[in-house]
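Quick caveat, the model's predicted, so the values are computed rather than measured.
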Amino acid sequence: MKITQGCFSYLPDLTDDQISKQVQYCLANGWAVNIEFTDDPHPRNTYWEMWGLPMFDLQDAAGVMMELAECRRVYGDRYIRISGFDSSHGWESVRISFLVNRPKQEAEFELVRQEVGGRAIRYTTVRRPAAHASA
């Protein structure tokens, strides 16, 4: 199951050249760029681990791409995303975020429905164990 989080999530995975162009777009707009990773891509998990500090004063995407390569080397078996943070007054928020690395076996989730009093229905997302490919 392909996790769909962030920009471009319904498109094929971005190439490094495409990632570099998106990072350069962030830098051209004056946004800080950061790299994060996790092994828990649940939609409500907003606490991803940061790879180093956010990169505020870069002019060239090459610096971010070097850090991404090192992050992939260390955490290549996890989800890695890049975010662009706009610190300008009125925004002060993430303007772009997209996955740049996925594990070979992605996490799977299922939607569980529970009927409760008053004919109400509650939904929750549950992570399923990874399916193992048979050889």
Side-chain angles (χ1 to χ4, degrees):
M1 177 170 115
K2 183 178 178 184
I3 299 294
T4 53
Q5 287 187 16
C7 301
F8 321 117
S9 62
Y10 290 98
L11 298 175
D13 292 340
L14 299 179
T15 65
D16 281 356
D17 185 51
Q18 292 168 325
I19 292 168
S20 180
K21 288 178 180 174
Q22 293 303 320
V23 168
Q24 193 61 49
Y25 174 80
C26 294
L27 297 175
N29 281 290
W31 303 342
V33 175
N34 68 299
I35 300 172
E36 300 170 298
F37 61 92
T38 189
D39 61 354
D40 179 16
H42 189 282
R44 291 190 186 141
N45 175 22
T46 58
Y47 301 106
W48 289 40
E49 299 291 329
M50 288 189 69
W51 176 262
L53 296 173
M55 295 167 255
F56 285 96
D57 296 324
L58 292 180
Q59 301 297 317
D60 187 3
V64 176
M65 296 307 290
M66 285 178 14
E67 289 296 321
L68 174 59
E70 185 63 15
C71 185
R72 282 177 170 163
R73 187 185 68 75
V74 176
Y75 295 109
D77 62 337
R78 299 185 186 182
Y79 293 91
I80 301 173
R81 73 178 173 199
I82 290 180
S83 299
F85 182 84
D86 184 355
S87 62
S88 61
H89 183 69
W91 280 101
E92 298 165 342
S93 180
V94 171
R95 295 284 294 259
I96 187 171
S97 177
F98 53 96
L99 292 176
V100 295
N101 196 75
R102 300 168 180 277
K104 288 184 181 11
Q105 182 65 43
E106 292 209 49
E108 294 189 12
F109 294 93
E110 66 180 294
L111 190 63
V112 176
R113 183 174 77 179
Q114 176 188 14
E115 295 182 22
V116 294
R119 298 178 65 179
I121 298 175
R122 291 185 183 152
Y123 293 93
T124 189
T125 307
V126 178
R127 187 172 183 169
R128 293 191 298 197
H132 297 286
S134 57

Do you know which two heavy atoms are closest between [X] and [Y], and how far apart they sit?
X	Y	value
N34	P54	CB-CA, 4.0 Å
P41	Y79	CG-CE1, 3.4 Å
Y47	N45	N-OD1, 3.1 Å

Report yes or no: does [X] contribute a side-chain atom to a donor-acceptor pair with the main-chain N or O of [Y] at less than 3.5 Å?
X	Y	value
D39	R78	no
R72	I80	no
T15	Q18	yes
D86	R95	no

Taking side chain as C-beta onward, heavy atoms only, is [X] less than 4.5 Å from [Y]?
X	Y	answer
Q22	I82	no
I35	F37	no
K21	L14	no

Worksheet item: Rounded to the nearest 0.5 Å, how far does OG of S83 lie from CH2 of W48?
Response: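 Answer rounded to 0.5 Å: 8.5 Å.
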
Fill in: From E36 atom CD to E49 atom CD, the distance as rounded to the nearest 0.5 Å
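Spacing of CD (E36) from CD (E49) equals 9.5 Å.
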
Discussion item. How about CG on L53, more than 12 heavy atoms from neighbouring residues, nucleotides or ligands closer than 6.0 Å, or not?
Written reply: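 Open: at most 12 neighbouring heavy atoms sit under 6.0 Å from CG of L53.
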
Item to complete: Tell me, yes or no, whether the heavy-atom count around Q114 atom CD, taken from other residues, nucleotides or ligands under 6.0 Å, exceeds 12.
Response: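 Result for CD/Q114: enclosed.
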
Any link between [X] and [Y] through a network of hydrophobic side chains (Ile, Leu, Val, Met, Phe, Trp, Tyr) touching at under 4.5 Å?
X	Y	answer
L27	F85	no
I96	F56	no
V100	M50	no
L11	V23	yes

Item to complete: State which residues pass salt bridge (charged side-chain N to carboxylate O under 4.0 Å, His left out) with D77; sequence neighbours excluded, sorted by chain then number.
Response: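 Applying salt bridge (charged side-chain N to carboxylate O under 4.0 Å, His left out) to D77 gives none.
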
May I have the list of side-chain donor-acceptor pairs in residues 60-68 shorter than 3.5 Å, sequence neighbours left out?
from, atom 1, to, atom 2, distance (Å)
D60, OD1, A62, N, 3.3
E67, OE1, W51, NE1, 2.8

Item to complete: Show your working on side-chain contact (heavy atoms from CB on, under 4.5 Å) between V33 and W31 and close with a plain yes or no.
Response: CA-CA 6 Å; V33 175; W31 303 342; 5.5 Å; no

